[in-house]
Amino acid sequence: MDEPLSFYEKVFETARQIPYGRVTSYGAIARFLGSGKSARLVGYAMNLSHMAFPPVPAHRVVNRNGLLTGRMHFETPGTMQRCLEEEGLTVRQNQVLRFEEHFWDPSEHLKYSDFFKN
DNA sequence: ACAATGACTGAAT
DNA sequence: AATTCAGCCATTG
């Protein structure tokens, strides 16, 4: 029963690989999944990731500029920032400071076929 | 089958 | 440098 994982499930699984204290972008996940133009769908997936199990560290996914564009979708608008700061990052005006230093690109660290068969 | 829905992005202005 | 536009595409009703 190796049913192909849905796109969203792949997004969840990819996001789970983001290391503690690092961040990535919607677009980076989309590119890793071979669908570079589906960044919006990655955001949509994060919205659904609430109900996913195992849990998804959705706070580690920001936009390409390091902005916490998803913060409104957490329990409170400050939750996302607090989670990141707890992991040692600094957030000012909804943006991760020194974003590039903390950016973690799945395509550089993971091999697609190690996770998915299609 | 078709239209609507987005936590986006790169290019144009 | 900041803001706007249009394309994007897997799901869902």
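On a predicted model such as this, the values are computed, not experimentally measured, just so you know. Within every chain, numbering begins at 1; the chains are lettered A, B, ... in the order of the sequence lines, protein sequences first and strands thereafter.
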(message) Check whether A:Asp105 reaches the backbone of A:Ser107 with its side chain - one donor and one acceptor, N or O, closer than 3.5 Å.
(response)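 The answer is yes, because a donor-acceptor pair under 3.5 Å joins these two groups.
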Partners of [X] by side-chain hydrogen bond (donor to acceptor under 3.5 Å, both in side chains), sequence neighbours excluded?
{"X": "A:Glu85", "answer": "A:Gln81"}
{"X": "A:Thr90", "answer": "none"}
{"X": "A:Arg92", "answer": "none"}

(request) On DNA chain C, reading 5' to 3', which nucleotide is the first and which the last to sit with an atom under 4.0 Å from a heavy atom of chain A, could you check? (result)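 Here the contact window of chain A covers C:dG7 to C:dT11.
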Determine whether [X] and [Y] make a side-chain contact, defined as any pair of heavy atoms from C-beta on separated by less than 4.5 Å.
{"X": "A:Phe12", "Y": "A:Leu5", "answer": "no"}
{"X": "A:Arg64", "Y": "A:Tyr26", "answer": "no"}
{"X": "A:Ile29", "Y": "A:Leu33", "answer": "yes"}
{"X": "A:Met80", "Y": "A:Val91", "answer": "no"}
{"X": "A:Leu84", "Y": "A:Leu68", "answer": "yes"}

When you compare the protein's N or O atoms with those of nucleotides 1-6 of chain B, which come within less than 3.5 Å of each other, and at what distance?
| residue | atom | partner | partner atom | Å |
| --- | --- | --- | --- | --- |
| B:dG6 | N7 | A:Arg40 | NH2 | 3.2 |

(request) Classify the angle between the aromatic ring planes of A:Trp104 and A:His109 as parallel (below 30°), tilted (30 to 60°) or perpendicular (above 60°). (result) parallel
(request) Find which nucleotide of DNA chain B each of A:Arg64 and A:Leu48 is nearest to by heavy atoms, and output the residue with the more 5' nucleotide. (result) A:Leu48
(request) Tell me which residues in residues 18-38 of chain A put a heavy atom below 4.0 Å from DNA chain B, sorted by number, or none. (result)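 Residues of residues 18-38 of chain A that come under 4.0 Å of DNA chain B are, in numerical order, A:Ser25, A:Tyr26, A:Gly27.
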